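Keep in mind that the numbers below use all heavy atoms, side chains included, and drop hydrogens, waters and symmetry copies. These numbers come from a predicted model, not from an experiment.
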Amino acid sequence: MVRQLCVNILNESKQKFTIEAVENVIQQNSRTSHVCVIKTGTSTMVRCNVGNSHTTALIDALEEIGVGKTGGCWIDVINLKTSIPKISSKREVVPGTKKVFGREFRVSDRVAIEEIYET
């Protein structure tokens, strides 16, 4: 199962952290994907997808820098049925060999409708 984390920060709130700090924490986590920053006149949202088993670690890392502890900033966690292409672990090369773990996806990869609606 994949979850989407949305960190919402009101522009007028006085936080001890910056939007760049939030983005860095999310980018440094090797299990996140589809990171997106959306800025409006009143707030900023940093959004990413992460696997279910890694969600708690990411939320803990965000809480360490102060996200969600004061007014004007909150974290939304949304369960996603699927994400196309599917989120998998990053490709890793085993030292000393040419073996590569993980899978790369192409734009032409297709997913059956039944697989999209699986729960």
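Residues satisfying the side chain to side chain contact (heavy atoms under 4.5 Å, CB included) test with Thr40, not counting sequence neighbours, are Thr42, Ser43. By the side chain to side chain donor-acceptor pair (under 3.5 Å) test, Asn11 is found to be paired with Thr44, residues two or more places apart in sequence or in another chain being considered. Every residue meeting the side chain to side chain contact (heavy atoms under 4.5 Å, CB included) condition with Asp76, not counting sequence neighbours, appears here in chain and number order: Cys6, Asn8, Trp74.
To the nearest 0.5 angstrom, Arg31 atom CZ is 8.5 Å from Asn29 atom CG. Summarising the geometry, atom CZ belonging to Arg3 is positioned 11.0 Å from atom CD1 belonging to Ile78; distances are rounded to the nearest 0.5 Å. One distance of note links NE2 of His34 with CD of Gln4; it measures 9.5 Å at 0.5 Å rounding.
Using a 4.5 Å cut-off between side-chain heavy atoms of Ile, Leu, Val, Met, Phe, Trp and Tyr, with links allowed through other members, Val77 and Val35 fall into the same hydrophobic cluster. Hydrophobic clustering (ILVMFWY, side-chain heavy atoms < 4.5 Å, transitive): Ile19 and Met45 are in distinct clusters.
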Show me the side-chain donor-acceptor pairs of residues 57-67 shorter than 3.5 Å, one per line, residues at least two apart or across chains.
none

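When side chains are defined from C-beta on, Arg47 does not count as touching Leu5, because their heavy atoms never get closer than 4.5 Å. Contact annotation: the side chain of Val22 approaches that of Ile26 to within less than 4.5 Å [non-hydrogen atoms, C-beta and beyond]. Considering only heavy atoms from C-beta on, Val50 stays 4.5 Å or farther from Val2 through its side chain. The shortest side-chain heavy-atom distance between Val37 and Glu23 falls under the 4.5 Å cut-off.
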